[in-house]
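Since the structure comes first, as structure tokens, the remarks are kept for the end.
Quick caveat: nothing in here was measured; it's all calculated off a predicted structure. Below, chains carry the letters A, B, ... as their sequence lines are ordered, and counting in each starts from 1.
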Amino acid sequence: MEYNPSEIEPKWRKWWQENGTYQVNNHSEKPKYYILDMFPYPSGAGLHVGHPLGYIASDIMARYKRLKGFNVLHPMGYDSFGLPAEQYAIQTGIHPEVATEQNITRYREQLENIGFSFDWSREVRTSSPEYYRWTQWIFMQLFGHYFDKKAEKALPIAQLEQYFAQNGNAGIQAACDDDTPAFSAAEWNAMSQTEQQQMLLKYRLTFPSEEFVNWCPGLGSVLSNDEVKDGVSERGGYPVERVLMKQWVMRITAYADRLIDGLDTVDWPDPIKDQQRNWIGRSKGASVKFGVDGYPDYHIEVFTTRVDTIYGVSFMVLAPEHELVRELTTDAQRSEIDAYVRWAASRSELERMSEVKKVTGAFTGAYAINPFNGERVPIWIADYVLAGYGTGAVMAVPSGDQRDWNFARHFNLPIIPILDAQQNMEEAADPTKEGRYINSGMINGMDYETAVPTLIEWLEKKGLGKGKTQYKLRNAVFSRQRYWGEPVPVYWDSNNIPHLIDEADLPLTLPKVDKYLPTETGEPPLGRAKDWYYKPKDGSEGGPLEMNTMPGWAGSSWYFYRYMDPKNGEAFCSPEAINYWQDVDLYIGGSEHAVGHLLYSRFWNHFLFDTGLAPKKEFAKKLINQGMIQGRSSFVYRAKERFFEEYLMLKVLKPFFNEQGPFEVHAPDFEEAWQYDFAFGASDLVIEVTSYKLIDKIEQIRAAAESDQKRLLVLSVEELADNINRPDRIAEKISDALKSKEKFIMSRETPKSEQLFVSFNLVHKYNPENLTRLHVDISYVNNDFLDTEKVRQLSMFKNAAFKLDADGKFLTCPEVEKMSKSKYNVVNPDDMVAQYGADCFRMYEMFLGPIEVSKPWNTNGITGVSGFLRKFWSLFFDNAGQWKVVDGEPSADELRVLHTCIKKVTEDIERFSMNTCVSHFMIATNELRDLKCSKRAVLEAMLALMAPFAPHVSEELWHLLGHTSSVCDAQWPVLNETYLKTDSINYPIQINGKLRAHVDLPSGCTDEEAIAAALAVEQVKKWLDGQTPKKVIHVKGRMINIVV
RNA sequence: GCGGGAAUGGCGGAAUGGUAGACGCGAUGGUCUCAAACACCAUUGGCUUUACGGUCGUGCGAGUUCGAGUCUCGCUUCCCGCACCA
């Protein structure tokens, strides 16, 4: 039998499905292992070879853990709400649900094709009502809770109401809006129902709020920052304005500390943790109020992380937009300040970014007073201070902060050293915290650790400031003005207070709409729905339903629990299921989700934990980032008409120079002066290069030549393209024309070619301006060489001529780019599977390199893996296709090869080094082949090792060995170290760390024996040259180093 | 500007501080074949040498060490993330 993946692979996929091989039970004696891939969005473009990279790695892990005796949960589903389907719906009128369904079908086919061990009976889709009713339900829980800072957890809002009724809000420590007023119990009890509800919104974990958004009236939607370029939308170029809009917001800031601290408890890559810490941006410092000279009522509040540098403040800087700028500016400075403010407002973000080194600013004429020493310091404005961040004011300490230093240098402001350890103050700021304070009043002589609390205590006593922890993190906007998302289960009463709908009325399903666009009045698409109104069953007052939908991250923030119990209609997940599976043991996905999905889902999970719904604070123990697979595009160079003039000059006309004397050349800059492309000085012949199609142009030139009394030779570019590899033919033609007496010479043959493409390795010979660079579909390219015959299928190349290189080949120019349809560099996994088989595809993706590294897709090496699989097969079948596996005791060598492979593969899977696993399989296969090993005991163990990587071929051979159950339920082979030992070891001998000789020694030899043997080696004696070694190092089983 | 990561043959990449370049691709030579493909065998970092060998070599420059691709410090370039974040 021959190895034929296209036959065996579908057979086993069918068998696995019929036998329910991948179905997982929520009850088991075995330990659980939950391995999860990040949720894909089913896009219309289908899967490309980059997507499965992580899925293959997780599938290998899942199969490996199963062989090791775990009950493994490895599910797959779809994050199926999303913008692309909605945009498609706007264009075509097709309901997003229909398009999404089609896309999912296609994804499923493609995924199935690769032989994953997903339990498809657990598939979930965020856009199905059975799923999103629970997303809505979790939203309702968030609405019903507040965050208690004393308990450090979410508590029911009813408890808060009770507390307010008894105590007012004094003494409560809860996360709430900044503008929450203080009120007593009496005041609370005197409030109307509406007023109380209004107040409670300031505490709820999700609440409506007025937020600034980038509103684009032209598109009828809100845009993200990066969709806005220079104040207009990137798509369409419509104006964008910052407007306040009522949005649902999640109070994620309440969890800022827990989200930072929780990072220390999970095994995630440090770059991801760093990004999250950075995003949350916890900085401990102090807020300090500076007085303003002559304005006793005004204060300028600043936040600083280096309050210890306060005596080094030599000026203040306000943002140009700061509210006090107008009032503080003196008349003398007014014109300068006004001009600067106007200039700053005119500057785009881009300009500000690119000119960080340019120092600009203006003096207001006013002075601030340092609360510590009463010193007057000038108040400046500069655009490096942002109005929207912090207080919009900075205390400038030029000795410790480089940007302040630059500013001080530029405007000649004092630079005051404050620590005795600060150095090179003349060249740059020194932000050190080392040493003792100088010039620093009450903290003189102290170190950093004692100075900070001293200063903060003083500030707080005087009421001029306080120690403060500041976060960069903002509350997360949870509303989208879209159709294709989860409806928010909320209605608004006549007093404009939001209320949850009754839990029994979940799911609140998406209504039908006539169009997927905003209404004429600017309301979201749900505003088009009829009867989008809620009437409670208890007969109380109802109201219109919320028209915003939830964002994409809503459904993906808790999906890992739904897989545990996907069909449950009573709960988002049964307590039994969640207590069995607990949390995700291994999560694999791209690092682009570092702060979006991964932070929001941690937030939701902390909340679910607080309410007792989830058993663990962190939902994923270990996270692995998979690298991106980039595309490898191929470019070809197409000649523009001017290329042929250049070509003629370089290749053809040079010899005529000697015979005919200098000729004159049409130069682009003198188009008016020169009528012809080439003119021979000593002859009356002129040459015109043009397309034969341009009859009018040829006639004009001909008339001009006649009136100039010149003879005209017309060379068509098509003809030149045809003869591009035969310049001699063109030369002959010119030569004939020179000898001829004819007035007008033009080829009568119909040229074949329309366009000329130049091989990449010849491109350097020509002016790049004469060539156009174009993508060519990579399916016509092999090892960067273009298949010049096959490519004629494309209309663009139908009549093309190719300028080939010296070897007669046409080279394309490769470039690594994002994999995308428009770049013609997409590789579809289906094609790879059809050509090489799923097992080969899986192993090759792993073989490409470490899982976490991004790399371009390149099939150049796939034949190596394909060849390996055939070699592996040939351990079981001889050349004639006869089964050759025999029983019998394996030899010591055979066992050594097998157990080396067991050791390496086990170690490498555990550390996710899948690429080296494939190498080990290749090595073992080559060695077993050399040993002519076909022993059942060895091959059976090899199959178990191979099964996670190449499940189809392993299953086939496993059954041919006589098994009736799946190879998935085999046992992972156990390593026996004794088989690894060899009798002798070939030791390298180094002299002074340089390899000089080798010696064979028995594997158990002592230091003395090894050293004596090493010194006796002829080569070593030569290098020692009679000297006694100073020192000899013997690393057992490794090497010997002799120091002379 | 800040933070993180990386840099090893023609290419993808190996290498618990211990023989740098495993494994694969590509290339070269050979066997098989009418021929091609497949397959198989051999060679394949640079320089040098008939050969044995010598010598240089993991982005650059120092350092620690008997020994550094690996550890430390300084630099260069590239990639990723964040971004006037005080």
Side-chain angles (χ1 to χ4, degrees), chain A residues 269-275 277-279 281 283 285 302-306 309 317 319 349 352-357 382-386 388-397 400-404 406 470-473 591-592 594-595 625 627-628 630 783-784 814 816 843-844 847-850 852-868 870-871 874 879 904 907-908 913 915-926 929 986-998 1019 1022 1029-1044:
Chain A
D270 286 330
I272 295 283
K273 292 187 183 184
D274 286 344
Q275 278 183 61
R277 287 194 191 100
N278 222 317
W279 188 266
S283 48
V302 297
F303 175 80
T304 175
T305 52
R306 287 296 302 275
T309 64
V317 189
E349 288 266 303
R352 288 182 165 202
M353 271 193 272
S354 55
E355 289 173 24
V356 280
K357 284 188 183 114
D383 71 350
Y384 76 83
V385 179
L386 282 188
Y389 190 79
T391 59
V394 175
M395 60 176 226
V397 184
D401 183 285
Q402 190 58 43
R403 210 169 30 196
D404 296 343
N406 293 345
Q470 186 158 294
Y471 301 91
K472 212 161 75 179
L473 184 73
S591 57
E592 67 271 22
V595 286
N625 280 131
M628 267 205 296
Q630 293 140 317
N783 284 341
D784 295 336
V816 173
M843 288 193 110
Y844 183 63
F847 189 60
L848 228 40
E852 66 278 4
V853 177
S854 288
K855 55 216 157 250
W857 177 255
N858 184 347
T859 43
N860 286 354
I862 199 167
T863 53
V865 176
S866 175
F868 152 72
R870 272 197 295 274
K871 273 188 210 172
S874 72
N879 286 342
K904 300 250 184 194
E907 283 172 3
D908 287 358
S913 175
N915 55 331
T916 50
C917 288
V918 180
S919 297
H920 300 317
F921 288 130
M922 289 174 170
I923 293 167
T925 301
N926 287 339
R929 225 157 96 105
N986 187 251
Y987 272 73
I989 302 175
Q990 295 178 348
I991 313 279
N992 292 337
K994 285 200 187 256
L995 179 71
R996 295 299 179 191
H998 286 94
Q1019 276 289 326
K1022 196 181 106 193
K1030 275 190 201 149
K1031 193 175 174 185
V1032 183
I1033 292 130
H1034 172 229
V1035 182
K1036 249 192 182 352
R1038 275 292 185 183
M1039 45 71 72
I1040 295 163
N1041 188 15
I1042 300 167
V1043 187
V1044 184

Note: A:H998 and A:P988 closest approach over all heavy atoms is CD2-CA, 3.6 Å
With the side chain defined as heavy atoms from C-beta on, A:R1038 is closest, among B:U16, B:C66, B:G13, to B:U16
Short question: side chain of A:S866, backbone of A:T863 - any donor-acceptor pair under 3.5 Å? no
Closest of B:G26, B:C66, B:G13 to the A:T863 side chain is B:G26
Separation of the P atoms in B:G46 and B:A22, to the nearest angstrom = 13 Å
In Watson-Crick or G-U wobble terms, with both distances under 3.5 Å, the base opposite B:C40 is B:G30
Scanning all shown strands, the Watson-Crick or wobble mate of B:C25 with both distances under 3.5 Å is B:G10
Notebook entry, point to check: Taking OP1 and OP2 of B:U55, is either one under 4.0 Å from a side-chain nitrogen or oxygen of A:R996?
Noted result: yes
Between CG of A:D908 and C1' of B:A14 the distance, given in whole Å, is 10 Å
chi for B:G61 classified (syn = within 90 degrees of 0, anti otherwise) as anti
Taken to the nearest whole Å, CG/A:L995 to P/B:G53 is 11 Å
>> Any base atoms under 4.0 Å from A:K273, or only sugar-phosphate, or nothing? Heavy atoms, all strands.
In response: nothing
*Taking atom P in both B:G17 and B:G69, compute the distance separating them and give it to the nearest angstrom.*
13 Å
Testing B:C66, B:G18, B:A86 for proximity to the side chain of A:V1035, the answer is B:G18
Closest to the 5' end of RNA chain B, once A:Q990 and A:G864 are matched to their nearest nucleotides, is A:Q990
For B:G3, the nucleotide meeting Watson-Crick or G-U wobble distances (both under 3.5 Å) is B:C80
Per atom distances to the A:M922 side chain, the nearest of B:U19, B:G24, B:G4 is B:G24
Taking atom C1' in both B:A14 and B:C66, what distance in whole Å separates the two?
-> 26 Å
Next on the checklist: Is any side-chain heavy atom of A:I1033 closer than 4.5 Å to one of A:Q990?
Outcome noted: no
Open item on the list: Base, sugar-phosphate or nothing for A:N1041? Non-hydrogen atoms, less than 4.0 Å.
Closed with: base
From CG of A:N625 across to C1' of B:A6 the rounded distance in Å is 15 Å
Between B:G57 and B:G63, how far is it from one P atom to the other, in whole Å? 15 Å
Which whole number of Å gives the distance between the C1' atom of B:C60 and that of B:A51? 37 Å
- Query: Is any side-chain heavy atom of A:N992 less than 4.5 Å from a side-chain heavy atom of A:V1043?
  - Reply: yes
Margin query: Base, sugar-phosphate or nothing for A:R929? Non-hydrogen atoms, less than 4.0 Å.
Written below: sugar-phosphate
dist A:M395:CE -> A:T309:OG1 (nearest 0.5 Å) comes out at 4.0 Å
Open item on the list: Can a donor-acceptor pair be found, under 3.5 Å and without considering hydrogens, that links the side chain of A:D404 to the backbone of A:V397?
Closed with: yes
query: Say you pick atom P in B:G9 and the same atom in B:G21; how far apart are they, in whole Å?
result: 14 Å
- Query: Between A:R306 and B:A86, is there a side-chain N or O to OP1/OP2 distance below 4.0 Å?
  - Reply: no
A:Y987 OH to B:C66 C1', in whole Å, measures 17 Å
Review point. With sugar-phosphate meaning primed atoms plus P, OP1 and OP2, does A:I923 contact a base, only sugar-phosphate, or nothing at under 4.0 Å between heavy atoms?
Key: sugar-phosphate
By the Watson-Crick or G-U definition, both distances under 3.5 Å, B:C73 is matched with B:G61
Quick one: is B:C23 close enough that its OP1 or OP2 comes under 4.0 Å of any side-chain N or O from A:N915? no
Can you tell me, in whole Å, how much space there is between the P of B:G12 and that of B:C79? 16 Å
Which part of the nucleic acid, if any, lies within contact of A:M1039, taking any heavy atom under 4.0 Å across all strands shown: a base, the sugar-phosphate backbone alone, or nothing?
-> base
I'd like the C1' distance from B:A20 over to B:C85, given in whole Å.
45 Å
To the nearest angstrom, the CG-P distance between A:N278 and B:G81 comes to 14 Å
Using a cut-off of 4.0 Å on non-hydrogen atoms, how would the nucleic acid contact of A:N926 be classed: base, sugar-phosphate, or nothing? sugar-phosphate
Taken to the nearest whole Å, OH/A:Y844 to C1'/B:C23 is 13 Å
When both distances are under 3.5 Å in a Watson-Crick or G-U wobble arrangement, the nucleotide paired with B:G67 is none
Separation of B:C38 atom C1' from A:F868 atom CZ, nearest Å, is 19 Å
pair_partner(B:A20), Watson-Crick or wobble, both distances < 3.5 Å, evaluates to none
To the nearest angstrom, the CD1-P distance between A:I272 and B:G5 comes to 13 Å
Margin query: Just so I know, are the side chains of A:N915 and A:C917 near enough to count as touching, which here means a heavy-atom distance under 4.5 Å?
Written below: no
Quick one: are A:I989 and A:R996 in side-chain contact, heavy atoms under 4.5 Å?
no
Between A:H998 and A:L848, the residue closer to the 5' end of RNA chain B by nearest nucleotide is A:L848
